[in-house]
Structures are given as C-alpha cells and as structure tokens.
Amino acid sequence: MSKFTPEPTDSASIATIRTLAADVVGKANSGHPGAPMGMAPVAHVLFSRFFNANPKSSKWFNRDRFVLSNGHACALQYILLHLLGYKLSMDDLKAFRQLDSLTPGHPEANHTDGIEVTTGPLGQGFANGVGLAMAQAHLGAVYNRDNFDLINNYTYVFTGDGCLMEGVASEAASLAGHLQLGNLIVIYDDNHISIDGDTAVAFTENVEQRFLSYGWQVLHVNDGDSDLAGIYDAIAAARVEKNKPTIIRLRTTIGYGSKQQGTHGVHGAPLKADDIQSLKSKFGFPADQTFYVPKETYDTYRAAALRGAQLESKWTSLLAQYGQAYPKEHAELTRRISGKLPEGWEKTLPVYKPADPAQASRKLSELVLTAITPSIPDLMGGSADLTGSNLTKVKGTVDFQPPSTGLGSYAGTYIRYGVREHGMGAIANGLHAYGGIVPFVATFMNFVSYAAGAVRLSALSKHQVIWVATHDSIGLGEDGPTHQPVETAIHLRAIPNLDFWRPADGNETSAAYLVALKSKQTPSVLSLSRQNLPNLEGSSIDRAALGGYVLYEVDNEDMTIVSSGSEVPIALEAASKLKAEGIKVRLVSLPCWSVFDKQDEQYKLSVLRSGAPILSLEALSTAGWQKYSHEQYGLPAWGASGPYLKVYEKFGITGSNIAAVSKKVIAFYKQKGGEVVSPLVKAIKL
C-alpha cells in the first residue's frame, strides 16, 4: 500500500474549496456552506490522489463513480467538477441555485455533466452507491477475463449524519454487507451537526458498531480537518479490502475556518460578508476577491484529470485487444454500454388469443420474463422477499450472491433484496445509472408506497427501472385493506415521467413490457393482478402499446365504459348484459394514462369520443378518472377482507351492478339533454 506524499499545493487547494463554498452559497444567498468546508480535505485527497475519471469523456465506462449522498454538501460537488475541468464554468458556479442553471439546488443526473445520480433527499445517494457497486461487481464477473480486467472501478460515497438516520440507507447498507461489495467505499462526515443542532438531540448510536454488525470494514480518522496522511491511508486501506464494503468515519468540523465553525449556524445558511472575508484572510487568500482560484489549484486538478484521460486511453486499447480475444463478449458488452437492446427481442413477447386460458397478470408477467430473458442479458432484477408471489425469478437464472456463500455468483442476475422495498428501489436507480443494466424490482403494489422516495427520483433522474407490482387491488382478497392498494395508483400516475401500467390480459401485459423496455429514460410500474383474467377479444400488443384503445366498438352508442386491468372483463360483462336489453355500449381499455396522453389528439378523441356519456370503472380510488370520463365508479374508501369475488360484490363491482349503474348514467344524460362532449375536449387550452 502506497504512502501519503504531501504536495506544496495541498493547503491552497483545500483552502480554495472552502472559500469557493462560502462564495457560491453567499452569492446565491441560499444553500449549505458548512459541510463542503468541513469535507474539503477528504475531497481534495480523494480527487487528487485516487479518483479515476476523464472530465473530457465523462461517460467513460470504467470511471470511478462518485456519489454525494449528503445533499447538504452539493456546492462541494459543483466545485470539484469545475476544478477538474468538466463542463461547468465559473459562471455556472456563480449561478448556483438560479433558474435554469447547471448548478441547481441539489445535484441532478442528466442535467449537470459529471453527476452520476440525483441526490438531495437524504439516504437516497447512499443506496444508489450500493447499486453502482453491485453493477460493477456483476458486469465485471460477466465480462472480465484473465489479463482483461476491464470493469474494476470503485464507487465512492460521501455521506453524513442525516443520511445515516434515514431508513433507506440502513436497508442498503445491510444488503451491501451481505453482498460483500469490496468496491464500495463510503466516507462518513461525522460532524455532529444537523439542522436542529447537535446530533446529541436525536442521533447517539454507535455508527461504527452498527456497520461492523452489517459486515463492513470500519475505519476512522479522528482529525478530518487536517490529517491528510490519515485520510489517505484510510482510503488506501479501503481499496485493498476486496471482500467487504468500507465506511470511514471522518471526524470533521462543519464550516471549518468560519466564525461559526462547529455549530448548526453554518449548516444551512450563507456566511455573513465579514465572516467570508475573515475566512479568506485566514487562508492567505485576497479578502476582497470572490470566486478566487489560485493557478496551482487548477494545475493540481487538471493533472488529476489528465491521469484519468491517460487511464481511459489505456482502457480503450485493452478493450480493443479484448475484442480480438473474445469477439462475442466484446460485441455484447459494447452493445450494452451503448444502451441498445439486442435486435429482434420484441419478437419473443408472448401473443394471446381469446381461447387461451385465463391467467393472473402476475403470471402473464412471469411468462413475459421467461420469454425475453434469454435474449436480453441486460435484465437484472429481483424481489423484496416475495419471489413466489411476484413470480419474478425465471427458471434457470442464477442468484446475484458473493461466491463465498455458495448461493450464487456475482455473474448472477437475480437479486434477493430481502424485505427492503425502499432500499431496493434506490439501489435499482444506481444499477441503471451505472449503465449496461435494465433493472426490474418487485413487491406487492401496496408496498411500492414504501419506496415512494426512490420511485420519484427514478422519474426525475430518467432511470429506466421496471417495477413488477402484483396483488394490485381488492382482487387480492383475504389479506384485506392493509394490503389492498386504493390510493397507490393515482399517486404513481401523478408522478411526471413515470408510466403506470394496469394491463387487462396477456397481450396488454406484453405491451406493457414492450413499452417499458423501449422507454430508456422513463421508469414504469406494472400493476398486476393476483386473480385470473381472461384473454380479451380485440386486444393486441400494438393497440395496447398506445396506452388506450377501443376494445369493443359499436355505432351510435348510448354510453362508453372506460376501464383498466382486472375490471375490463367486468365492464365487458356489463356491456354484454346491456346489449341483451338493446342498449349499445362501447368499451375502452386504458392500461396506461401517460402513454395514451402522448398520442395525437385525433386518435385520443376517436377513442374517448363525444356523443355519449363515458363511465370509468376501476377497483381503486376514482381520483384522476375525471380527465377521461363524465362519471366514475370505484372504491369510495378502503377495501375489505374476504374471498375476492365477495369483496368485489360488496363494492358493487360486478357485471350486473355496473350494468345497472350504466343505465342510471344513460338516463341522467338523456334527461339532461344537449350534446355530450368528450372530457378530453377543453374549452380553453392552457
């Protein structure tokens, strides 16, 4: 293990980070200067001595990954990106937290060059880091060969007290320890300060003992303010440990150098002008200059960037040699790095006819995964301890496990997440952020709510994560209202850039996977039934892939029923009963609102057309259906425990009752008179 060699520029570089943090937050009059000032020494040692990346080629696949989990230190990440030469100018630093800048209030992936994952909500970045480390372990196990150690990067995470208080970080840390992720190095900024003040008021656990119990290597540096050699040695030791993730407890002084150092006063508010001037004078910088960067600091960080560029050049040559020795593996790896799926995978999707047997859509999902997995090695996923219920493990797939456990290997593609829904969702974001992997995760629909924070960040960050969410309504029956999702669907449907699918049969389930796998910047939730669903006359993959379509058409209808998922067959039964009475009813299946909304206006108005009232039917909350229907029928409150057919009967979601409700709706609108205009037609377009 190499020893620390001090450089004459170390002090100036650390002072640069500290004073820039004060200036960045001060100019914005908003933000958190304290953590960046306290973590300046460890940031400098990591990025000047260890971190391998090429700012001029920021997507180099084998780059080290850096995650700033403690979003309170966001200014630190922007400062480092600027110093290293990423596409972040001094003017961008000066525009911190301003509208449409490259330096928003918290780091955002796919917005600022060099940001791997979106952080800010505490704990999320920690779990993302676990996902990034899992991705490296998996892809390395699949593609590395003797003399071709192509995928061997480290993942570094800066975390803080707030992150470690969040449950999502605990879930991810527990799994990381089990998985023995030796490529994961977490640096814990132990500054004893949170927004409410000293952590003594709420966070007094022994973090080192906690992580030892998780199976981590635990190191510490008691003087994170100035012991550069100690910081260096700890990071070097972490890199040597290959069978455990490492957490380094780094005791720092928040806001180091400020008049308010060590207090919560420097945590979430800009320093006063005289304090900033005093800080600069203390470090030998011009007190009257803002955003001052000595030339030697730029030189130091540009040298680190040059090291990264040289490493990428060597790696590119190694990749070319790999292509000569292993052409098949090279072709597959480079395809996965490019983000493209294999040609023709869509042809493997199951297609159904009405005569095919009725099956639960969770089973139909299993059949899709079974059909497509052999042709899409990019798929990597698992369940939160519900494999036998979610039906997500394809026969023959190997578990992703440390080889020493005898339970699988790192080349395995099936992840046993345990009962950790929130951690699972955030880890999946990290898997996707790494590249080359399309992650899927699974739990009961109701328990996606446990992971809401991670789902939201999937959508904001454009992570293609596929949620297999089974047991999606009162149709799960006896488990009752604690497990029956009522409000979950509308919550997820309201999230921008998230496709919520509720397929009604086999073709619609295949369509949901088709669109989800083609949507490279959009997460998807597949809401799937426990109960059997018949395959419907008129459904097809192509039609369902539009998000909504006419399943049963008539001319001069008296009414249209629009429905989704397990209630579509019930709507069809109601339409059949009404037809016997001479009442003409169209039926529309709307498996995905957001995909349907993207279709052209002419198509949408042909599906949900004017001329007759539209009634929506879904065994969930009716909230949101007003956009597509004149009247809504669904659950008024919580579900109930009992055999599912009796539960449906209790709430009137039966063919007979929906037929009766439909007749009331038709009579009301006939009595009302006048033209019935589609709800999609707006008098004013905003």
Side-chain angles (χ1 to χ4, degrees), residues 361-362 421 443-453 455-456 459 467 469-496 498-504 508 512 524-531 533 547-548 560-571 574 587-597 608 613-642 644-654 657-658 661-662 664-665 679-680:
S361 54
R362 62 172 175 153
E421 292 88 355
T443 186
F444 286 175
M445 175 66 180
N446 192 54
F447 301 138
V448 179
S449 298
Y450 276 149
V455 176
R456 186 176 185 273
W467 282 82
T470 68
H471 297 63
D472 78 334
S473 75
I474 56 173
L476 64 85
E478 290 84 352
D479 277 340
T482 59
H483 284 51
Q484 293 164 352
V486 174
E487 79 296 347
T488 313
I490 187 57
H491 172 199
L492 296 171
R493 284 165 168 160
I495 296 175
L498 183 140
D499 289 340
F500 178 86
W501 288 88
R502 196 159 182 262
E508 291 195 6
S524 302
V525 176
L526 277 55
S527 176
L528 305 169
S529 73
R530 181 193 185 198
Q531 72 271 37
L533 305 178
T560 294
I561 301 178
V562 58
S563 186
S564 82
S566 50
E567 287 69 68
V568 173
I570 295 171
L587 180 58
V588 169
S589 179
L590 201 66
C592 186
W593 295 6
S594 53
V595 170
F596 179 71
D597 289 346
L608 296 173
I614 301 173
L615 170 69
S616 68
L617 172 64
E618 193 172 51
L620 303 170
S621 166
T622 61
W625 278 105
Q626 294 79 2
K627 180 178 178 180
Y628 306 101
S629 60
H630 301 97
E631 305 295 334
Q632 298 80 38
Y633 196 94
L635 294 187
W638 302 114
S641 177
Y644 88 90
L645 289 174
K646 291 188 178 297
V647 176
Y648 267 85
E649 186 176 354
K650 172 182 172 65
F651 291 105
I653 304 178
T654 64
N657 189 57
I658 297 306
V661 170
S662 298
K664 290 180 182 179
V665 172
L680 296 179

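Nothing here was measured: the structure is a model prediction, and the numbers come from that model. For the numbers below, each heavy atom of this structure counts, side chains included, while hydrogens, waters and symmetry mates do not.
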For the side chain of [X] and the backbone of [Y], is there at least one donor-acceptor N/O pair under 3.5 Å apart?
| X | Y | answer |
| --- | --- | --- |
| Thr443 | Val448 | no |
| Thr560 | Ile614 | no |
| Thr488 | Asn446 | no |

To the nearest 0.5 Å, how far apart are [atom1] in [X] and [atom2] in [Y]?
| X | Y | atom1 | atom2 | answer |
| --- | --- | --- | --- | --- |
| Leu617 | Ile658 | CG | CD1 | 4.5 Å |
| Ile490 | Leu620 | CD1 | CG | 10.0 Å |
| Glu567 | Thr654 | CD | OG1 | 12.0 Å |
| Asn657 | Phe651 | CG | CZ | 12.5 Å |
| Leu533 | Arg362 | CG | CZ | 11.0 Å |
| Trp467 | Ser524 | CH2 | OG | 12.5 Å |

Inset, instruction - Mark yes when over 12 heavy atoms from residues, nucleotides or ligands other than Glu649 sit less than 6.0 Å from its CD; otherwise mark no. - result: no
Legend entry - Within 6.0 Å of OH in Tyr450, more than 12 heavy atoms from elsewhere: no
Legend entry - Shortest non-hydrogen separation from Asp499 to Cys592 and the atoms involved: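 Between these two residues, the closest heavy atoms are CB-SG, 3.9 Å.
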Inset, instruction - Show your reasoning for whether side-chain contact (heavy atoms from CB on, under 4.5 Å) applies to Ser662 and Leu615. - result: CA-CA 7 Å; Ser662 298; Leu615 170 69; 3.8 Å; yes
Inset, instruction - If the plane angle is over 60° it's perpendicular, under 30° parallel, otherwise tilted; pick one for Trp625 and Tyr628. - result: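 Perpendicular, since the angle between the ring planes exceeds 60°.
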Inset, instruction - For Arg493, enumerate each residue passing the side-chain hydrogen bond (donor to acceptor under 3.5 Å, both in side chains) test, keeping only those at least two apart in sequence or located in another chain. - result: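 Counting only residues at least two positions away or on another chain, Arg493 forms a side-chain hydrogen bond (donor to acceptor under 3.5 Å, both in side chains) with Glu618.
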Looking at side-chain heavy atoms only, is the closest gap between [X] and [Y] below 4.5 Å?
| X | Y | answer |
| --- | --- | --- |
| Asp597 | Lys627 | yes |
| Trp501 | Val595 | yes |
| Glu487 | Trp638 | yes |

Inset, instruction - I would like to know whether Val665 and Tyr633 meet side-chain contact (heavy atoms from CB on, under 4.5 Å); could you show each step before the answer? - result: CA-CA 11 Å; Val665 172; Tyr633 196 94; over 6 Å; no
Identify each donor-acceptor pair in which a side-chain atom of residues 469-478 lies under 3.5 Å from a protein atom, sequence neighbours left out, and give them as a table.
from: Thr470; atom 1: OG1; to: Asn390; atom 2: ND2; distance (Å): 2.9
from: Asp472; atom 1: OD2; to: Arg502; atom 2: NE; distance (Å): 2.9
from: Asp472; atom 1: OD2; to: Ser527; atom 2: OG; distance (Å): 2.8
from: Ser473; atom 1: OG; to: Gly475; atom 2: N; distance (Å): 2.9
from: Ser473; atom 1: OG; to: Tyr648; atom 2: OH; distance (Å): 3.4

